[in-house]
Amino acid sequence: MGSKEILDFICKRRSVRRYQKKAIPDETLELLMKAAMAAPSGNNAQPWEFVIVRESKIKEDLSRVHPWVYMAAEAPAAIIILGDKSSEWWKEDCAAATENLLLAAANLGLGTVWCGIKEDHARAVRKILGVPGHMGVLCIIPIGYPAESPSPHTKYRKDKVHWDRYSK
Ligand SMILES: Cc1cc2nc3c(=O)[nH]c(=O)nc-3n(C[C@H](O)[C@H](O)[C@H](O)COP(=O)(O)O)c2cc1C
């Protein structure tokens with residue numbers, strides 16, 4: 001892919017919330033892990049860990065953690081991104097890993113949606129997955145081959161950019 005195509009590709013990524021029933025090969029999921037762990041990391045601490053869930057019952061339980069993560073039940077897989085809270089940059093690092101994963105998934109023809117998890121809901125996620133308390137939960141990413149294709153939207157706004165000094 002040339003530089004123009006890469007830019008277009010990044011700008012075209014959309015959240016996908018409906019998926020085909022088709023399973024995702026383990027090798028494909030492993031490729032996504034490689035992309036996620038290629039992210040930048042404060043002090044290079046790499047505090048991230050990932051749980052890849054394919055079992056229906058666990059996905060259903062996750063889909064009820066809050067009202068906006070319902071798509072985890074129907075997705076063939078859900079990836080939960082965790083970070084060791086003893087690392088001061090765990091949220092930033094895990095967010096960078098998440099975006100890498102979303103873009104890598106889109107490149108492999110997969111649809112994803114970043115479902116944020118706040119501390120109130122993190123407790124429930126930890127309980128469902130058996131995650132120890134020192135691990136923070138950044139998000140749940142339902143993932144599957146898309147059954148919808150939202151059209152690209154332009155988010156670029158010139159007024160959000162300031163040159164040299166902040167000016168309104
Ligand atoms: C921190 C964060 C939390 C989000 N949480 C949810 C969520 O719980 N459920 C959901 O359907 N989408 C969620 N989204 C996806 C946003 O709704 C989506 O990115 C936004 O509407 C822009 O659409 P796009 O991703 O198609 O460009 C979240 C995104 C971020 C970055």
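We count ligands from 1, going down the list as the structure has it; atoms in each ligand are counted the same way.
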Return the residue, atom name and 0.1 Å-rounded distance of the protein heavy atom closest to atom 22 (C) of ligand 1.
-> K155 NZ, 3.7 Å

When E74 is tested against each of K59, K21, R17 for salt bridge (charged side-chain N to carboxylate O under 4.0 Å, His left out), which residue passes?
-> K21

Using a strict cut-off of less than 4.0 Å between a Lys/Arg side-chain nitrogen and an Asp/Glu carboxylate oxygen, indicate whether D61 and K57 qualify as a salt bridge.
-> yes

For atom 23 (O) of ligand 1, what's the nearest protein heavy atom and its distance?
-> H153 CE1, 3.9 Å

Enumerate the atoms of ligand 1 whose separation from the nearest heavy atom of H66 is less than 4.0 angstrom.
-> 8 (O)

Which of T112, V113, L102 passes side-chain contact (heavy atoms from CB on, under 4.5 Å) with S15? Answer is V113

Test item, V69 contacting ligand 1 (heavy atom, 4.0 angstrom) | no

Atoms of ligand 1 less than 4.0 Å from R13 heavy atoms?
-> 24 (P), 25 (O), 27 (O)

Closest non-hydrogen protein atom to atom 13 (C) of ligand 1, residue and atom name please, with distance?
-> W114 O, 2.9 Å

Inspect the surroundings of CD in Q20 and state if more than 12 heavy atoms from other residues, nucleotides or ligands are less than 6.0 Å away.
-> yes

Those atoms of ligand 1 less than 4.0 Å from some heavy atom in R14 | 24 (P), 26 (O), 27 (O)

Give the atoms of ligand 1, by number and element, whose distance to some non-hydrogen atom of W68 is under 4.0 Å.
-> 7 (C), 8 (O), 9 (N), 10 (C), 11 (O)

Heavy atoms from other residues, nucleotides or ligands near CD of E55 exceed 12 (cutoff 6.0 Å) | no

Identify the closest protein heavy atom to atom 19 (O) of ligand 1: which residue and atom is it, and at what distance?
-> S15 OG, 3.5 Å

Under 4.5 Å between any side-chain heavy atoms of L108 and I24, yes or no?
-> no

At what distance is the nearest protein heavy atom to atom 5 (N) of ligand 1, and which residue and atom is it?
-> G116 N, 3.0 Å

Could you list which atoms of ligand 1 come closer than 4.0 Å to a heavy atom of V113?
-> 10 (C), 11 (O), 12 (N)

Taking 4.0 angstrom as the limit, do D120 and K118 come out as a salt bridge?
-> no

Would you check if V53 and L62 make a side-chain contact, meaning some heavy-atom pair closer than 4.5 Å?
-> yes

Closest protein heavy atom to atom 12 (N) of ligand 1, given as residue, atom name and distance to 0.1 Å | R17 NH2, 3.2 Å

